[in-house]
Amino acid sequence: MKIKNLGLYGSLAFTLIIILLPIGRISKLIILFGAIAGLLFYRRGILYYGKGNKKLQSGALDEAWALYRKALSASIAPNIRISIASMMIQQGDVSEGAALLETYKTLTKGRTKELDAVVEILLSMVYWIDGDTKKALDTVRAVHEAGFRDSNLLINYTTFALMESEWKEAKTLLDEAEEKKIQSPGLDDNRAWLAIVQNNWVEAEEI
């Protein structure tokens, strides 16, 4: 069973051990502050990432990217690396974001099936931006066939299917989203798109 707040309990236990050590007060403080400094150094990637998010929200892209690069050079988890790659791709720095995704695929530790799927979905966006909609469609189709489901996948999949005039495939996906109660403005937009190409103008207007 996974213990919640394991880090917190570990920190409390470590502090208690230091307090109980049969050494002087100054020595205890030195050990404690040294441990805190070590923890902050180890967690610096997360701190850079958090600051980068704030800069991104304020529109300071150059400052955000600088902080993200510092986070990437530190020790951060694969899911955070993917998050940074996603933001870079969405904000127009496609090549750097794509490179981060490719480095994830070379990892031997920290990979999961869910993260693998997310990476492929993001790469499909890169292929689409590069003008290869067919490759983008094939990529998300493979993720879907592997059993992964979320709104981002269905939005991308239906979008690329519509762009490639795969009307039946798009309809099947939109029906699946409705059946699974997966809702998104992007899916609504694609429902309207499909209605238009099928000359269902009343339905499109209602959507």
Side-chain angles (χ1 to χ4, degrees), residues 49 52-53 56-57 59 61 64-65 68 72 76-107 110-201 203-207:
Y49 174 69
N53 288 343
L56 184 64
Q57 290 171 3
L61 293 184
W65 273 200
Y68 287 148
L72 291 167
I76 55 173
N79 63 313
I80 297 179
R81 298 181 71 87
I82 292 171
S83 175
I84 292 174
S86 174
M87 287 183 282
M88 286 182 167
I89 291 168
Q90 292 180 53
Q91 294 296 331
D93 200 342
V94 180
S95 59
E96 189 166 359
L100 283 174
L101 297 177
E102 293 297 341
T103 59
Y104 166 83
K105 295 170 75 171
T106 66
L107 295 178
R111 291 182 58 172
T112 66
K113 289 184 177 179
E114 183 174 356
L115 286 178
D116 287 351
V118 171
V119 165
E120 291 301 314
I121 294 168
L122 290 171
L123 283 172
S124 76
M125 294 174 61
V126 174
Y127 303 144
W128 168 65
I129 292 169
D130 288 341
D132 195 343
T133 308
K134 186 180 185 305
K135 185 175 182 180
L137 176 58
D138 289 341
T139 300
V140 288
R141 184 183 286 136
V143 174
H144 185 270
E145 289 175 353
F148 183 81
R149 296 292 184 277
D150 77 352
S151 60
N152 290 327
L153 170 63
L154 291 174
I155 291 169
N156 283 21
Y157 194 172
T158 53
T159 299
F160 302 145
L162 289 165
M163 293 182 75
E164 289 292 299
S165 302
E166 298 288 351
W167 316 129
K168 184 176 180 181
E169 189 171 11
K171 174 73 164 57
T172 300
L173 293 165
L174 291 169
D175 289 344
E176 178 187 349
E178 187 171 0
E179 181 182 342
K180 294 181 180 299
K181 301 187 184 304
I182 299 176
Q183 299 178 340
S184 166
L187 290 171
D188 291 338
D189 187 46
N190 286 346
R191 287 189 182 92
W193 184 354
L194 181 62
I196 289 171
V197 298
Q198 294 179 333
N199 291 319
N200 295 328
W201 297 99
E203 181 184 351
E205 183 178 15
E206 289 175 351
I207 295 173

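Side chains are part of it too, since the values below use all heavy atoms of this structure and drop only hydrogens, waters and symmetry mates.
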Measure the shortest side-chain to side-chain distance between Ser95 and Asp93 over non-hydrogen atoms and say whether it is less than 4.5 angstrom.
yes
Nearest heavy-atom contact between Ser124 and Ala136 is O-CB, 3.2 Å
What distance do Ser184 atom OG and Leu154 atom CG have between them, rounded to the nearest 0.5 Å?
9.5 Å
Minimum side-chain heavy-atom gap Thr159-Trp193 below 4.5 Å:
yes
Kindly check if the number of other-residue, nucleotide or ligand heavy atoms within 6.0 Å of CD (Glu114) is above 12?
no
Rounded to the nearest 0.5 Å, what separates atom CG in Asn156 from atom CG in Asn190?
9.5 Å
To the closest 0.5 Å, what do you measure between CD (Glu166) and OG1 (Thr158)?
13.0 Å
How far apart are the C-alpha atoms of Arg141 and Asp138, what are their side-chain angles, what is the distance that settles it, and do they pass the salt bridge (Lys or Arg N to Asp or Glu O under 4.0 Å) test?
CA-CA 5 Å; Arg141 184 183 286 136; Asp138 289 341; 3.0 Å; yes
Would you check, one step at a time, whether the test side-chain contact (heavy atoms from CB on, under 4.5 Å) holds for Tyr68 with Asn53?
CA-CA 8 Å; Tyr68 287 148; Asn53 288 343; 2.6 Å; yes
Of all heavy-atom pairs linking Leu187 and Ala177, the shortest is CD1-CB, 3.9 Å
Does any non-hydrogen side-chain atom of Ile129 lie less than 4.5 Å from one of Ile89?
yes
Those residues that, when tested against Thr133, pass side-chain contact (heavy atoms from CB on, under 4.5 Å) (two or more places apart)
Trp128, Phe160, Met163, Glu164
Tightest non-hydrogen contact, residues Arg149 and Gly147, listed as NH1-C, 3.4 Å
Exam field: side chain Asn200 to backbone Glu203, donor-acceptor pair closer than 3.5 Å:
no
Could you walk me through whether Asp116 and Lys113 satisfy the salt bridge (Lys or Arg N to Asp or Glu O under 4.0 Å) test, starting with their C-alpha distance in whole Å, then the side-chain angles of each, then the deciding distance to 0.1 Å, before giving a yes or no?
CA-CA 5 Å; Asp116 287 351; Lys113 289 184 177 179; over 6 Å; no
Minimum heavy-atom distance between Leu162 and Trp167, given as atom pair plus value
O-CZ3, 3.3 Å
The test is side-chain contact (heavy atoms from CB on, under 4.5 Å); show your working for Glu169 and His144 and say whether it passes.
CA-CA 12 Å; Glu169 189 171 11; His144 185 270; over 6 Å; no
Minimal non-hydrogen separation, Trp65 against Met88, with atom names:
CZ2-CA, 3.6 Å
Could you give the distance from CZ (Phe148) to CG (Leu153), rounded to the nearest 0.5 Å?
6.5 Å
Ser86 (side chain) donor-acceptor with Ile82 (main chain) under 3.5 angstrom:
no
Please list all pairs meeting salt bridge (charged side-chain N to carboxylate O under 4.0 Å, His left out) that have one or both residues in residues 78-87, counting only residues at least two apart or in different chains.
none
Any chance you could lay out the side-chain contact (heavy atoms from CB on, under 4.5 Å) test for Asp150 and Ile121, step after step, and finish with the verdict?
CA-CA 10 Å; Asp150 77 352; Ile121 294 168; 4.1 Å; yes
Measure the CG-CD distance between Leu56 and Gln90 for me, rounded to the nearest 0.5 Å.
9.5 Å
Minimal heavy-atom distance between Pro78 and Gly110, with the atoms involved, is CG-O, 3.7 Å
Just jot down the side-chain contact (heavy atoms from CB on, under 4.5 Å) partners of Leu123, sequence neighbours excluded, or say none.
Leu101, Glu102, Lys105, Val119, Glu120, Tyr127
Full working for side-chain contact (heavy atoms from CB on, under 4.5 Å) between Arg191 and Glu178
CA-CA 11 Å; Arg191 287 189 182 92; Glu178 187 171 0; 3.9 Å; yes
Has Thr139 got a side-chain atom pairing as donor or acceptor with Lys135's backbone, closer than 3.5 angstrom?
yes
